2 protein chains.
Amino acid sequence: MSRPRRPGPEGRQPTIKQVAERAGVSPMTVSRTLAGGSGVRPEVQQRVLEAVQKLGYHRNENARSLRPGHRSGLIGVAITNLANPYYGTFALGVEEVAATYGRRIILGNTGEDADRETQLVADFIGRQIEGLIIVPSASSADHLGPDRIGGLPAVLASRRVYGLELDTVVLDDVGGAYRGTRHLIESGHRRIGYLGNVLSVFTGQRRFSGYERALTEQGLAVHPELVQRGQQDVESAGAALARLLDSDDPPTAIFSANNRNTIGALSEIGRRIRGGTDPSRLPALVGFDDFELADLSPVPLAVIAHDPHQLGAEAARLLFHRMESTDPVPARTIELPVTLRIIRP
Amino acid sequence: MSRPRRPGPEGRQPTIKQVAERAGVSPMTVSRTLAGGSGVRPEVQQRVLEAVQKLGYHRNENARSLRPGHRSGLIGVAITNLANPYYGTFALGVEEVAATYGRRIILGNTGEDADRETQLVADFIGRQIEGLIIVPSASSADHLGPDRIGGLPAVLASRRVYGLELDTVVLDDVGGAYRGTRHLIESGHRRIGYLGNVLSVFTGQRRFSGYERALTEQGLAVHPELVQRGQQDVESAGAALARLLDSDDPPTAIFSANNRNTIGALSEIGRRIRGGTDPSRLPALVGFDDFELADLSPVPLAVIAHDPHQLGAEAARLLFHRMESTDPVPARTIELPVTLRIIRP
DNA sequence: CTGTTAGCGCGTTCAG
DNA sequence: CTGAACGCGCTAACAG
């Protein structure tokens, strides 16, 4: 059985006109039937639906959204790294809330690249999204300014962008990092290393300041040689920890400011244990972001846990609230709580 | 500084007409300028671009795609679980190849739900996608039949659907499961449990048959009481392993047919070790799908490794090949190799 | 170099 | 109950 040729001319989708022709009615009757059928004789509806079936007709949403008063039903979601389960779960949170509002999400990956982000947002707008949820890749505000996105409802998630008056959902980065670091100090550690993002990233700056605060508050110095910033992936995070551990006076504990760094650190720790290093000579760890298999940690471990799904859902709620309110609402920032979860004392 | 009102009437995006008016030219001149500007006086272009800037104008892609000959530039991607990093990475592979063809992806999550999948595909088509890549949620073919999607180029990934003549990219499920199980047998195990998907799922059926083959080939029986199927998430997978381990004659090794089951099993193993169980009394493990932190396994572990990114990229290549070929190409199936990676002997 | 015309697929409005 | 006309935003083809 050979695959049938595409019904429309030029390989396009069949149109309402073709359905009408086949059913022996006018396009209007098809439109009405598909809109619920009120005011169309049942027998005619039957004929129309048959034609729809036969042709594999689908309404052209793009054409529909062109009509005044009609909405595209799309929410644009731009995340930095699709391969990171954290953002996948985040997107899922957005999607579920969006679904309850009858909207679909269109998802784009920026790869932490500002240019791609700019492009993505422009394209989203070109596709008539009704709202935008974005995990900004950097602190640059250019492409998100009011003159670029117009009055399009937009929500920033996870990171804030200075100079932008947009609704924002962030985590209690400072508090979480503070409590995590504090936990290590209370466990008796004095030399506590730091693995994290560069300061130009919103969360990088906030989490480092929480780490800093906990140390200085306890009269401990921040040793620059114990601070490794900028590694974004598991592999380089492992290498960064290796540098710390191989130094003359290595840290006895590590505060890791995000998932990727924590995983990288644990992988490196695992490698060393298999290489014969005694686990008791390896650093204790506190990591921002929870992760799977934390239970298997061979060293003392705690995580700053929070729910990416909730982050996404909250961002979506903020967005729809703005979309539905007619009069201007001042930009709000929601800071979601985090909890210190001790996996292994 | 208050957020500016949306320029267009009714909160819609500004149109080419408004830009034209503001620049004191006709819409056509704006269109030409935006298309590269050939045949427009530089000074006029200047005026146009200024108006574009001021109004925050973006071309309406939906309207553009309405025009004959124009394409939407969208590839629809439907995956089963966005929160699973495996599929996130898969989508990334698709996206990257799509980008080289100047296409963007529109991503939808089916949640293993056939109805949502049907809806999703219909909506995708309504939005004039040029091609479809789908990880089918079940073996039901209804909504993907030629009469439903017309001649729309489509590729199935990871799972095949019987009765559909579509391009497909799958893994060497049978071979992988065979080699994994065989590895356990060669390590001296005789009672090897199975954790995996139900047989109605394509991969579930294939991977179980690889497991089965390895056992029978070596003269070992498949013990139904050692087979746990149907658990889809980490938690229930852990519970399934617990059932096996708490039985009268527990297995000494486990073959786990997917990521979720492997993670769940390792979590359960971790729990038991922390509860005081001697690791040597816990089962060795071979899991289909690689995963992060495999290095930390406290029990002997091997994984059937493969690259979801590659799976996505291959699916996309298959899709574009079909999209670009004018004459009908018979449906092809590509089976990607997998490798046995021994993490801990 | 620039503007006018026409039509892509659809649905609201108004006529039959 | 059904159809014809119109226009949503955009651009190819054709004037000027």
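Numbered from 1 within each chain, the chains take letters A, B, ... in sequence-line order. These figures come from a predicted structure and were not determined experimentally.
A donor-acceptor pair is defined here as one N or O able to donate and one able to accept, closer than 3.5 Å; such a pair exists between the side chain of B/E117 and the backbone of B/S137. The backbone N or O of B/Y101 lies less than 3.5 Å from a partner atom in the side chain of B/R103, making a donor-acceptor pair.
Proximity of B/R71 to B/Q128: side-chain heavy atoms (C-beta onward) are nowhere separated by under 4.5 Å. Within the 4.5 Å cutoff, no side-chain heavy atoms of A/V77 are placed close to those of A/I106.
Note on the helix from C/dC1-D/dG16 to C/dG16-D/dC1: angle between the axes of the first and last five pairs equals 50°, rounded to 10 degrees.
Here the C1' atom of nucleotide C/dG11 and the CG atom of A/N62 are 15 Å apart, to the nearest Å. Distance, A/R41 CZ to D/dT2 C1': 9 Å, rounded to whole Å. Per the geometry, CG belonging to A/N60 stands 13 Å off C1' belonging to D/dG9, to the nearest Å. Between B/K17 atom NZ and C/dT5 atom P the separation is 13 Å, expressed in whole Å. Going from atom NE2 of B/H58 over to atom C1' of D/dG9 covers 15 Å, rounded to whole Å. With rounding to whole Å, B/E43 atom CD is found 10 Å from C/dC1 atom P. Atoms CD (B/Q18) and P (D/dC8) sit 11 Å apart, rounded to a whole Å.
Sorted by first and then second residue, the salt bridge (charged side-chain N to carboxylate O under 4.0 Å, His left out) pairs involving residues 16-39 of chain A (not counting sequence neighbours) form an empty list. Pairs passing the salt bridge (charged side-chain N to carboxylate O under 4.0 Å, His left out) check and including a residue from residues 87-99 of chain A, sequence neighbours excluded, read A/E95-B/R116.
Closest-nucleotide positions on DNA chain D for A/L66 and A/V25 were compared, and the one nearer the 5' end corresponds to A/V25.
Crowding of B/Q310 atom CD: a count of heavy atoms from other residues, nucleotides or ligands under 6.0 Å exceeding 12.
Neither OP1 nor OP2 of C/dC1 sits under 4.0 Å from any side-chain N or O of B/T29.
Residues forming a ring pair (Phe, Tyr, Trp, His ring centres under 6.0 Å) with B/Y86 (at least two apart in sequence, or on another chain): B/H306.
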> If the sugar-phosphate is the primed atoms plus P, OP1 and OP2 and the base is the rest, what is the B/S/- string for nucleotides 11-16 of chain D, using protein heavy atoms under 4.0 Å?
Replying inline: BBB---
Can I get a per-line list of side-chain donor-acceptor pairs under 3.5 Å for residues 44-51 of chain B, giving both atom names and the distance, sequence neighbours left out?
{"from": "B/Q45", "atom 1": "NE2", "to": "B/G37", "atom 2": "O", "distance (Å)": "3.0"}
{"from": "B/Q45", "atom 1": "NE2", "to": "B/V40", "atom 2": "O", "distance (Å)": "3.0"}
{"from": "B/R47", "atom 1": "NE", "to": "B/A23", "atom 2": "O", "distance (Å)": "3.0"}
{"from": "B/R47", "atom 1": "NH2", "to": "B/A23", "atom 2": "O", "distance (Å)": "3.2"}

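Checking D/dC10, C/dT2, D/dC8 against the side-chain heavy atoms of B/V44 singles out C/dT2 as nearest.
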